[in-house]
Amino acid sequence: MKQRVEMIVEAVEKIALDTVEMKLSNDHVAKNAVPGQFLHLQVEGHSLRRPISIADVDAEKGITTILFKELGEGTKRLGAYQPGMRINALGPSGCGFPYQDKSIQKALLIGGGIGVPPLYNLGKELSNHGIEVISVLGFQTKDSVFYEAEFSQLGETHIVTDDGSYGHKGFVTNVLGSIDGYDYYFTCGPIPMLKAVKEKLADKPGYISLEERMGCGVGACFACVIPADNESGYRKICKDGPVFPANEVIL
Amino acid sequence: MKQRVEMIVEAVEKIALDTVEMKLSNDHVAKNAVPGQFLHLQVEGHSLRRPISIADVDAEKGITTILFKELGEGTKRLGAYQPGMRINALGPSGCGFPYQDKSIQKALLIGGGIGVPPLYNLGKELSNHGIEVISVLGFQTKDSVFYEAEFSQLGETHIVTDDGSYGHKGFVTNVLGSIDGYDYYFTCGPIPMLKAVKEKLADKPGYISLEERMGCGVGACFACVIPADNESGYRKICKDGPVFPANEVIL
Amino acid sequence: MDLSVNLPGLKLKNPVMPASGCFGFGREYSEFYDLGKLGAVIMKAATGEGRYGNTTPRVAETSSGMLNAIGLQNPGVEKIIANEVPFLAGYDVPIIANVAGSTLEEYVKVASAFNKTKDVHALELNISCPNVKEGGIQFGTEPEMAATVTKKVKEASNLPVYVKLSPNVGNIVAMAKAVEQAGADGLSMINTLTGMQIHLGSKRPLLANKTGGLSGQAIKPVAIRMIYEVKQHVSIPIIGMGGISSAEDVLEFLLAGASAVAVGTANFQNPFACPDIIAALPEVLHKYGFHSVEVAIGKGHEA
Amino acid sequence: MDLSVNLPGLKLKNPVMPASGCFGFGREYSEFYDLGKLGAVIMKAATGEGRYGNTTPRVAETSSGMLNAIGLQNPGVEKIIANEVPFLAGYDVPIIANVAGSTLEEYVKVASAFNKTKDVHALELNISCPNVKEGGIQFGTEPEMAATVTKKVKEASNLPVYVKLSPNVGNIVAMAKAVEQAGADGLSMINTLTGMQIHLGSKRPLLANKTGGLSGQAIKPVAIRMIYEVKQHVSIPIIGMGGISSAEDVLEFLLAGASAVAVGTANFQNPFACPDIIAALPEVLHKYGFHSVEVAIGKGHEA
Ligand SMILES: Cc1cc2nc3c(=O)[nH]c(=O)nc-3n(C[C@H](O)[C@H](O)[C@H](O)COP(=O)(O)OP(=O)(O)OC[C@H]3O[C@@H](n4cnc5c(N)ncnc54)[C@H](O)[C@@H]3O)c2cc1C
Ligand SMILES: Cc1cc2nc3c(=O)[nH]c(=O)nc-3n(C[C@H](O)[C@H](O)[C@H](O)COP(=O)(O)OP(=O)(O)OC[C@H]3O[C@@H](n4cnc5c(N)ncnc54)[C@H](O)[C@@H]3O)c2cc1C
Ligand SMILES: Cc1cc2nc3c(=O)[nH]c(=O)nc-3n(C[C@H](O)[C@H](O)[C@H](O)COP(=O)(O)O)c2cc1C
Ligand SMILES: Cc1cc2nc3c(=O)[nH]c(=O)nc-3n(C[C@H](O)[C@H](O)[C@H](O)COP(=O)(O)O)c2cc1C
Ligand code: FES
Ligand code: FES
């Protein structure tokens, strides 16, 4: 049976423009989370929960890290939470990035903006399993860049900014051509980026992580469906995803 | 012009069953409040403000004390506020107990339950002006009794409980017969008590403080009217009251 | 940033005004700020004679909203003209009179009474007050009745008439079209949704009137939907209302098709609601790419 | 404390069930708790053929509520009977099938399909889904249409039929009386209020379907009012819903006249909403002086 999950805020830090790193303690989550899963967080005063990816876990200490951008009222309110406060969570939710059953030698991680967080947890796991990691991370501007050092520790890391204020200028797809030798790609970010990546890397197997507005977050309400090439014609992002084989979903 | 008033919670203490004493700092309120006035407090997560009487003020320190019973969700939430938190308030609101223009020698204060708080501020002021004070305070049970010591410092104080678990048994009206020699009475409490008091003391001049569910709390919405013996046929509790001459309003 | 809006009878310096019944006749809020800052003031409902209204309790709190059953308490149209209009006329702000009644004759009487004063700039015809039992409810839910009262009031008055629609109908577009055809100069929408709260302790409806009108943020999605639908079918301007409490809300109403907005319940939470919203509006408009209020009106409709 | 309630076709061990569309076919929440704890389960709407529903976004957050425009996505009645009903039948809980359609024929087809299984105990006739464009909306807003579909479904089905009413009408009592006369065994109310949210960034309605159904605590006062009004005019039982999130809310609905209740949006906030409410109910009933659910039903009406 799934449990009630209450997480305690351990630390809150602004790590980039409007971007918050929050450490939450709860043994159940930290022990069971796999890369690509998310937490469905209840933010005080809001009727719908907010889905936020698990960016890192320390299973031993029982700590889960999330990284989120303060966009609307819910994430702003969440960013104002103080250490010691409690957050009701659903999770770890959804299905993560599959990598264990594939014999991957080298993986390419492609993240855009708030799509970067789940890739960090994945990159660490891959690394721990001896898989080489290359990361291409896109941000809007220099101010928005985060976790460059963290990703660099995992392997070759390319930063791209829309306006060129840091790293390469343009979109993540601009640098993909210069990278090779990987078996699988894993990507998460805004839909236009995912589409471009999927097209550009059509000859490679890959996994993409999707976002959609959610109701229940557990698969019961059909809010978060995405058309798919399967019998039913759809998949639910909250339950069947958020990670899907790139060729399975129709963007 | 009336101002925006933000008060800072300085202390919160349970002083009786479900009864909270809260000290709030704000110079404007503490300097201007007169006995009988109230604060219209915005409680987080609630669409309507909560009217709570001013129970005590320390003008020098800028501290206002309120005493309230945790009844519904709003007062429960308010009772959970922690020192340092801010509360948006309207006030000091309404018209207080008039006493300065009357040449009072001895005043009788009659309070019931959460009607007791405004009488404390009044009693202190009367005392400061050399007016003798007798208090009759009614509570449901022993557990609910509060501020007995404080009132006793002002003068003769009779405690009455519905079930006789402390002080006299019964209603405040039971002990009124044995008290005499006062010029004016001042009363606040539930409507049935006010009615009984008004009837019993029909031959004495008195002032009663009323409660009603409020919308605006400033006189604009006509939520809190009470039928009155005047030209318009009504008075607004939030603006014209909450204190009225006993013979003016129709209970 | 140009916040001005011109509507029949109303030159508004900005599109934000307090909603009828939530602002009395302005006296109380004039103690908080200069009423001249407002786009306009809509007065509390006026009836032919003074009314005491319903017994109390008259209000109840709900999630993100409130119920009210004031029952049109007011001193009557003559006293309003004699005592209240002159007070408001002392400010540089257009005055809108909210006209209510239980019978056709009463509506006409109240409307024509306002011909006497030069200080009222438009009428808001309240055919939708859900708390009037004698018949007010029918005017607001039957297109023909609404058209009839609109026509009669237009004939009797020399002022532009904004008809205030009730959301308690199956087909809001039919209501809007009916009053437009009957000569309404504008629409005002929405009034409150009829609701009820039962008090668990007494086991009875909390409001003495049993039912009351639901207002506040809770009803905003209904207001936006109705304005959006109506905008596609009428050409007279709409004063939008229902749960507005921020400049972002104002923009949402403009996009849906409102030309101006009224703020009701939010005044109770924050007596400075109207001036706060007006002060924040230029930045919000700018943030979303608008250089005036006029250009934002109805922009949510374009393909 | 006796929580049981007996309704046509339904022996409920307690009056609390998940609302249609907010609980899928029970699989997801069965991972949180034993579905046998529930009073009943109302399945997601079934249509004649499978439907994909609307494009996304399908939900939006509102103050104390949400908008949804799922668009009746479901695998179709045959697959529901083959794959979903057997799963739910594994629990000791009555099953209610929510029947939807765009045409009279589709309603009849879906309703009669459920005759095949012994595991469904009642039908909830969803004549009120505001997100079906082809015609579903008319069934729920015209008394005669509602009566017709009720009659046809009653003829086609051997199960008790609870007709689910839309709140988007001017006269809810007329709707209730019409379907009662047409043979409905019970009522289910309310469905969602039609609403809209406009996204300031895109300047367009946020939901791909533009309008959506407003649910959650925001609409509770409207639900209570409608149930209270209807209770005074019909004698068939009412399953009440609209914003329920606590045992206190359940009691408020019982007092208003509901014989049982459904919990929708609250499941999304708290997946344990239903069992939590059921667990809290005895104490709440006791606190307000009731020794069973049955005695509380309609108690808000007595003088
Ligand atoms: C599986 C998943 C993982 C995510 N991981 C992260 C992460 O690690 N870091 C991060 O910053 N963001 C992440 N997001 C996006 C994040 O959920 C939204 O930014 C957030 O919900 C916005 O809430 P708000 O209150 O700021 O915005 P508002 O616009 O006020 O929210 C209104 C409603 O829309 C929903 N909503 C708005 N934008 C999105 C969106 N992009 N995706 C889904 N729902 C949305 C909200 O949840 C809420 O229900 C993730 C989304 C999904 C679906
Ligand atoms: C002028 C005045 C002074 C007051 N002074 C005090 C005081 O010093 N100490 C104290 O404990 N209480 C006082 N009260 C009563 C206090 O306002 C209510 O107990 C409180 O509002 C209840 O809020 P709630 O959230 O607990 O209850 P809920 O029932 O959840 O409140 C729902 C709504 O009803 C209103 N309401 C409920 N009960 C009352 C009531 N008795 N009077 C007015 N509104 C009510 C609430 O304000 C709110 O709008 C005073 C009331 C008035 C009018
Ligand atoms: C306490 C109160 C009194 C009201 N009185 C009137 C009235 O007299 N005439 C009228 O047309 N509308 C009246 N209304 C409705 C408001 O003008 C407005 O249409 C409605 O409240 C929705 O706006 P809001 O959500 O911003 O409050 C009243 C509303 C409230 C809350
Ligand atoms: C996401 C969602 C999907 C819904 N789908 C259906 C449905 O398929 N059939 C139906 O009759 N009602 C449907 N409803 C309406 C609910 O059953 C219920 O009547 C309404 O939401 C009010 O209850 P609530 O406020 O507790 O959610 C749906 C509601 C939501 C929020
Ligand atoms: S959010 Fe409800 S099914 Fe995914
Ligand atoms: S609360 Fe609005 S007039 Fe008193």
Side-chain angles (χ1 to χ4, degrees), chain B residues 1-6 40-51 71-75 77 87-94 190-191 210-242 249-251, chain C residues 18-19 21-34 44-45 50-76 79 199-201 206-208 212 214-218 243 245 264-272 276:
Chain B
M1 287 280 163
K2 288 191 183 169
Q3 307 176 9
R4 285 174 209 266
V5 174
E6 199 164 67
H40 208 32
L41 298 173
Q42 186 165 47
V43 181
E44 170 108 45
H46 285 272
S47 41
L48 293 179
R49 290 168 178 266
R50 298 305 192 262
L71 282 173
E73 283 182 40
T75 47
R77 180 110 182 218
I87 303 182
N88 180 296
L90 290 181
S93 293
I191 294 279
L210 295 174
E211 283 181 15
E212 186 50 81
R213 284 170 195 257
M214 293 185 179
C216 65
V218 302
C221 77
F222 292 78
C224 67
V225 297
I226 173 120
D229 262 344
N230 65 352
E231 202 210 312
S232 67
Y234 70 89
R235 307 297 313 262
K236 293 176 195 159
I237 291 177
C238 67
K239 196 185 179 188
D240 307 322
V249 289
I250 303 155
L251 295 181
Chain C
C22 301
F23 206 75
F25 299 97
R27 288 183 196 275
E28 293 77 18
Y29 290 101
S30 77
E31 295 175 24
F32 288 92
Y33 58 86
D34 173 9
K44 183 162 178 44
R51 291 198 193 186
Y52 179 78
N54 297 318
T55 38
T56 57
R58 291 178 171 187
V59 291
E61 184 178 70
T62 71
S63 289
S64 294
M66 65 177 283
L67 290 168
N68 90 80
I70 306 296
L72 293 183
Q73 179 160 22
N74 79 99
K79 285 196 183 151
H199 188 257
L200 302 186
L206 191 149
L207 298 177
L214 182 63
S215 63
Q217 302 186 326
S245 70
T265 306
N267 292 294
F268 306 163
Q269 291 146 352
N270 172 15
F272 298 95
D276 283 358

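Convention: sequence-line order gives letters A, B, ...; per-chain numbering from 1.
By the 4.0 Å N-to-carboxylate-O rule, C:Glu28 lies too far from B:Lys2 to be salt-bridged with it.
In this structure, the portion of B:Glu231 lying under 4.5 Å from any heavy atom of chain C is its side chain and not its backbone. With a threshold of 4.5 angstrom between heavy atoms, C:Ala266 does not approach chain B through any atom at all. Of the two parts of B:His46, the backbone and the side chain both hold a non-hydrogen atom closer than 4.5 Å to a non-hydrogen atom of chain C. There is no contact between C:Pro75 and chain B, counting heavy-atom distances below 4.5 Å. Contacts of C:Ser30 with chain B are made by backbone atoms alone, with heavy-atom separations under 4.5 Å and no side-chain atom involved. With a threshold of 4.5 angstrom between heavy atoms, B:Ile226 approaches chain C through N, CA, C or O but not through any side-chain atom. Proximity to chain B is limited to the side chain of C:Tyr52, based on heavy atoms less than 4.5 angstrom apart. C:Pro271 touches chain B through its side chain: at least one heavy atom from C-beta onward sits under 4.5 Å away, while N, CA, C and O do not.
A donor-acceptor distance shorter than 3.5 angstrom exists from the side chain of B:Ser47 to the backbone of C:Thr62, with no hydrogens or angles considered.
The side-chain hydrogen bond (donor to acceptor under 3.5 Å, both in side chains) search around C:Asp34 returns none, not counting sequence neighbours.
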For this session: Kindly indicate, with the supporting measurements, whether the criterion side chain to side chain contact (heavy atoms under 4.5 Å, CB included) is fulfilled by B:Phe222 and C:Asn68.
Result: CA-CA 10 Å; B:Phe222 292 78; C:Asn68 90 80; over 6 Å; no
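Contact of the C:Leu206 side chain with the B:Arg213 side chain is registered, since non-hydrogen atoms from C-beta on lie closer than 4.5 Å. Side-chain contact between B:Val225 and C:Arg58 is present, with heavy atoms from C-beta onward closer than 4.5 Å.
When all heavy atoms of B:Gly215 and C:Phe268 are compared, the pair lying nearest together is O-CB, 3.9 Å. Minimum interatomic distance between B:Leu48 and C:Glu61 (heavy atoms only, all atoms of both residues): N-OE2, 2.8 Å.
Within 6.0 Å of atom CD in B:Glu73, 12 or fewer heavy atoms from other residues, nucleotides or ligands are found, so the atom counts as exposed in its surroundings.
Taking CD1 of C:Ile70 as the reference point, atom SG of B:Cys224 lies at 9.0 Å (rounded to 0.5 Å). A distance of 7.0 Å separates OG1 in C:Thr56 from CD1 in B:Ile237, rounded to the nearest 0.5 Å.
Across B:Ala220, B:Gly72, B:Gly45, the residue that shares the most heavy-atom pairs under 4.5 angstrom with chain C is B:Ala220.
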